[in-house]
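Each remark here refers to the structure printed beneath this line.
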Amino acid sequence: AQGGQLIPIAINISPREMAQVEIDKLLLSTLEACRIEPGMLTVEITEEVALDVDAVQGKIANMARAGVSIALDDFGVGYSGLGALRQLGAACVKVDRSFITDIARSTRNQDLMRAVLSLGRSFGFEVVAEGVEHEADRQTLIAIGCHAMQGYLLARPMPEADLPAWLHARNAQASHA
């Protein structure tokens, strides 16, 4: 919490980690030891992990009960069904970049994104567009009702040490807009 600002974090959990490690216990004990509120953490799992609902549901439920958010990453490129999405209790679905790149020029991808946004409203989960790299795509996403995005247009990955200066510059820019 640099300068009093709490910064949520997200981590990706691989199928192997989910299957072979008591990841729920490890993450929850680490959060407790570091005095980090579970609500500040989002665990991102892929559709491949979500397919094995029986094997992962208990671990995911433990994390969610503690307040950790669960996000289904790369949505749309795997084989998970809506039933698995509902069973996992995901708080967030991150639509794969393959549907987002050049969405400004693809009415099919715009229609798909509208449908996912509608599902999000119905199921009560946030929808995030991954891989936003062009202003035209950002504007199109905003126009169709998607306001949660990530990608190089918004920020590139950076070392933790660079984050405070980036946040300060971003906040200064936003206050002048």
Side-chain angles (χ1 to χ4, degrees), residues 1-2 6-101 103 109 112-113 115-133 141 146-163:
Q2 184 86 15
L6 296 175
I7 302 170
I9 58 171
I11 60 170
N12 291 57
I13 303 294
S14 73
R16 184 178 5 190
E17 290 166 327
M18 189 61 84
Q20 295 178 357
V21 177
E22 291 186 356
I23 198 71
D24 53 338
K25 294 175 183 172
L26 176 64
L27 286 176
L28 294 175
S29 65
T30 302
L31 289 171
E32 185 177 346
C34 295
R35 295 188 181 127
I36 298 172
E37 287 295 318
M40 297 302 293
L41 177 65
T42 297
V43 169
E44 298 182 4
I45 60 171
T46 62
E47 289 183 89
E48 183 181 348
V49 171
L51 281 174
D52 198 0
V53 173
D54 294 334
V56 302
Q57 192 168 17
K59 294 175 184 179
I60 290 172
N62 288 341
M63 290 185 284
R65 262 194 307 276
V68 173
S69 291
I70 307 299
L72 189 58
D73 198 14
D74 300 331
F75 185 74
V77 296
Y79 301 99
S80 69
L82 296 177
L85 186 62
R86 188 186 65 226
Q87 262 186 297
L88 289 171
C92 175
V93 168
K94 299 177 73 180
V95 178
D96 188 72
R97 65 181 300 111
S98 63
F99 299 105
I100 303 305
T101 301
I103 194 170
N109 285 357
L112 180 110
M113 193 62 179
V116 175
L117 287 163
S118 178
L119 284 171
R121 285 189 294 277
S122 296
F123 280 90
F125 55 77
E126 180 182 27
V127 176
V128 177
E130 290 186 309
V132 179
E133 297 182 6
L141 288 162
C146 180
H147 300 281
M149 302 171 215
Q150 71 180 60
Y152 284 173
L153 178 68
L154 307 166
R156 292 189 177 266
M158 69 186 76
E160 179 184 0
D162 294 350
L163 184 60

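- Nearest approach of G131 to R97, heavy atoms of both residues: CA-NH1, 3.4 Å.
- Between A148 and V127, the closest heavy-atom pair is CB-O, 3.5 Å.
- In this view, Q150 and K94 satisfy the side-chain hydrogen bond (donor to acceptor under 3.5 Å, both in side chains) rule, not counting sequence neighbours.
- Taking 4.5 Å as the limit, every side-chain heavy atom of P8 sits out of range of all side-chain heavy atoms of T42.
- A pairwise comparison of heavy atoms in L41 and V68 identifies O-CG1, 3.5 Å as the closest pair.
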Quick one: side chains of residues 17-27, donor-acceptor pairs under 3.5 Å with protein atoms, not counting sequence neighbours, listed by atom name and distance.
unit_1, atom_1, unit_2, atom_2, d
E17, OE1, S14, N, 2.8
E17, OE1, S14, OG, 3.3
E22, OE1, K25, NZ, 3.4
D24, OD2, N62, ND2, 2.7

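- L163 places a side-chain heavy atom less than 4.5 Å from the side chain of M158.
- Nearest approach of P157 to Y152, heavy atoms of both residues: CD-CE2, 3.5 Å.
- In E37, the CD atom is not crowded: 12 or fewer heavy atoms of neighbouring residues, nucleotides or ligands sit closer than 6.0 Å.
- M63 approaches V43 most closely through the heavy-atom pair SD-CG2, 4.0 Å.
- The CG atom of L117 sits 10.5 Å away from the CD atom of E126 when rounded to the nearest 0.5 Å.
- The distance from the CD1 atom of I45 to the CD1 atom of I13 is 9.5 Å, given to the nearest 0.5 Å.
- Partners of R35 under the side-chain contact (heavy atoms from CB on, under 4.5 Å) rule, at least two apart in sequence or in another chain, do not exist in this structure.
- To the nearest 0.5 angstrom, L141 atom CG is 5.0 Å from I100 atom CD1.
- Closest heavy-atom contact between L31 and P38: CD1-CA, 3.9 Å.
- To the nearest 0.5 Å, atoms CG (D96) and OG1 (T46) are separated by 11.0 Å.
- The line from CE of M40 to OG of S69 is 10.5 Å long, rounded to the nearest 0.5 Å.
- Once rounded to the nearest 0.5 Å, the distance linking CG of L28 with CD1 of I36 reads 12.0 Å.
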